[in-house]
Amino acid sequence: MSLSKPEVKLFGKWSYSTVEVKDLSLKDYISVSQDHAQYLPHSAGRYNAKRFRKQHCPIVERLVNSMMMHGRNNGKKLLAVRIVKQAFELIHIMTKENPIQVLVDAVQNGGPREDSTRIGTAGVVRRQAVDVSPLRRVNVAVYLICMGAREASFRTIKSLAECLADEIINCAKLSPNSYAIKKKDEVERVSKANR
C-alpha cells in the first residue's frame, strides 16, 4: 500500500500547484515550484552563504525577510510571517485569487527592466543606461513592494498587513497608485534619457 504525500500548501491554505511565472526571463529566479513549497515561509535556510543562492529561496520567504527592516524590526521573523499571512488573507478576500499568484505577478511587474549606472572618466561623471539582470529585477521588486507598504502604513490607522495587501494588488494590476510601479517608471524614464 503506497501512501500519497499530502500536498504542501502555504499556511495550510494556498496551493503552489497552480502558480505560474509568466515572464520567461524570471522563471529561474522566482521560486514557486513544488520543490520550493513550504507550509510556513520560515525555513532558516542559509541563502546568503553563497553568491546567487538566494534565487532558490521561496519568493514568499523573501518577502517575509524583506519585511524585517529598520533597526526596531530586525530579526522579528515571526512578526513578519504573521503580517504576510494577514496580507495574503486580505488579498484573497479582495481578488478571489490565489495570493501566491498575485505576489508573483506583482514581483514580475515591480522590478525595473532598465537602469542607469555612473560612468566616470577623468573627473567627468555621466550616466549610462544598462539592462537589469533578472535576479536584480526580483530583488528590487520585493524591496520596493515592502518599502511602499511600510511608508503607506507609517503614522496612519491602516495596519502594515492592509498596506502590504494593497501594494501587492496594485503592483500586480500595474496600477499607478503602487509605490513600486511609480519607482520603476521613474528609474526607467531616467535611464531612457541616458541612453
Side-chain angles (χ1 to χ4, degrees), residues 1-69 73-113 131-147 149 161 164-165 167-169 171-174 180 184:
M1 165 182 149
S2 65
L3 285 170
S4 61
K5 273 172 39 180
E7 190 193 351
V8 177
K9 293 184 173 180
L10 182 70
F11 300 124
K13 289 184 176 183
W14 320 118
S15 169
Y16 287 89
S17 56
T18 55
V19 179
E20 57 171 354
V21 183
K22 298 181 186 78
D23 193 326
L24 271 177
S25 62
L26 300 180
K27 231 181 183 58
D28 298 336
Y29 298 92
I30 298 180
S31 303
V32 283
S33 63
Q34 288 293 339
D35 319 335
H36 298 104
Q38 49 185 181
Y39 290 107
L40 269 185
H42 193 315
S43 66
R46 295 171 57 228
Y47 291 107
N48 243 344
K50 207 165 180 210
R51 193 180 180 197
F52 298 131
R53 192 179 285 171
K54 61 180 171 184
Q55 74 189 51
H56 300 301
C57 182
I59 193 69
V60 183
E61 186 167 357
R62 294 202 62 183
L63 179 74
V64 168
N65 292 342
S66 194
M67 289 306 293
M68 299 190 287
M69 258 190 218
N73 299 325
N74 288 160
K76 299 182 183 176
K77 192 158 183 178
L78 294 177
L79 177 67
V81 168
R82 198 183 75 220
I83 289 168
V84 169
K85 184 178 181 179
Q86 290 169 350
F88 274 23
E89 300 279 1
L90 291 167
I91 289 170
H92 180 65
I93 290 166
M94 289 199 259
T95 62
K96 300 285 186 289
E97 289 175 47
N98 183 345
I100 306 175
Q101 181 64 60
V102 179
L103 173 66
V104 167
D105 293 344
V107 170
Q108 288 177 98
N109 295 337
R113 293 158 296 187
D131 294 336
V132 177
S133 73
L135 182 59
R136 181 162 165 81
R137 275 179 64 188
V138 173
N139 297 349
V140 173
V142 171
Y143 171 75
L144 288 177
I145 287 169
C146 291
M147 277 288 290
L164 182 61
E167 178 65 34
I168 291 172
I169 290 169
C171 193
K173 289 194 302 199
L174 284 169
K184 168 195 166 182

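For this chain, numbers begin at 1 and follow the sequence in order.
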Atom pair CD1 (Ile91) and CD (Gln101), whose distance is rounded to the nearest 0.5 Å: 12.0 Å
For Lys27, is there an ion pair with Glu20 - N to carboxylate O distance below 4.0 angstrom? no
Would you say that Glu89 contacts Trp14 through its side chain, given a criterion of any heavy-atom pair below 4.5 Å between the two side chains? yes
Which heavy atom of His42 sits nearest a heavy atom of Gln38, and at what distance? N-NE2, 4.2 Å
Rounding to 0.5 Å, atoms CG (Leu90) and OG1 (Thr95) come to a distance of 10.5 Å
Smallest heavy-atom separation, Ser66 atom then Tyr143 atom, equals OG-CA, 4.0 Å
Decide side chain to side chain contact (heavy atoms under 4.5 Å, CB included) for Lys173 and Asp105; before the verdict, give the C-alpha distance in whole Å, the side-chain angles of both, and the deciding distance to 0.1 Å. CA-CA 8 Å; Lys173 289 194 302 199; Asp105 293 344; over 6 Å; no
Nearest heavy-atom approach of Ser15 to Ile100 is O-CD1, 3.9 Å
Is the number of heavy atoms from other residues, nucleotides or ligands under 6.0 Å of Arg113 CZ greater than 12? no
Classify the side-chain pair Gln55/Ser31 by whether it contains a donor and acceptor separated by less than 3.5 Å. no
If you take all heavy atoms of Gln34 and Tyr16, which pair is closest and at what distance? NE2-C, 3.8 Å
Approximate separation, where rounding is to 0.5 Å, of Lys54 NZ and Glu61 CD: 13.5 Å
Shortest non-hydrogen contact between Asn109 and Cys171, atoms and distance: ND2-O, 3.2 Å
Under a 3.5 Å cutoff, is there a donor and acceptor pairing between the side chains of Asn65 and Lys77? yes
Whether Arg137 and Asp23 form a salt bridge (side-chain N of Lys/Arg under 4.0 Å from carboxylate O of Asp/Glu) is what I want to check. yes
NZ on Lys50 to NE2 on His56, rounded to 0.5 Å: 9.5 Å
In terms of the angle between their ring planes, are Phe11 and Phe88 parallel, tilted or perpendicular, with boundaries placed at 30° and 60°? perpendicular
Are Phe52 and Leu135 packed together at the side-chain level, in the sense that at least one heavy-atom pair is separated by less than 4.5 angstrom? yes
How long is the straight-line distance from CG of Leu164 back to CD1 of Ile83, given to the nearest 0.5 Å? 8.0 Å
Can you tell me how far apart CZ (Arg136) and CG (Asp131) are? Round to the nearest 0.5 Å. 13.0 Å
Non-hydrogen atoms of Lys22 and Gln108 that approach each other most closely: N-OE1, 3.1 Å
For Leu103 and Val32, what are the C-alpha separation, side-chain angles and deciding distance, and is it a side chain to side chain contact (heavy atoms under 4.5 Å, CB included)? CA-CA 11 Å; Leu103 173 66; Val32 283; over 6 Å; no
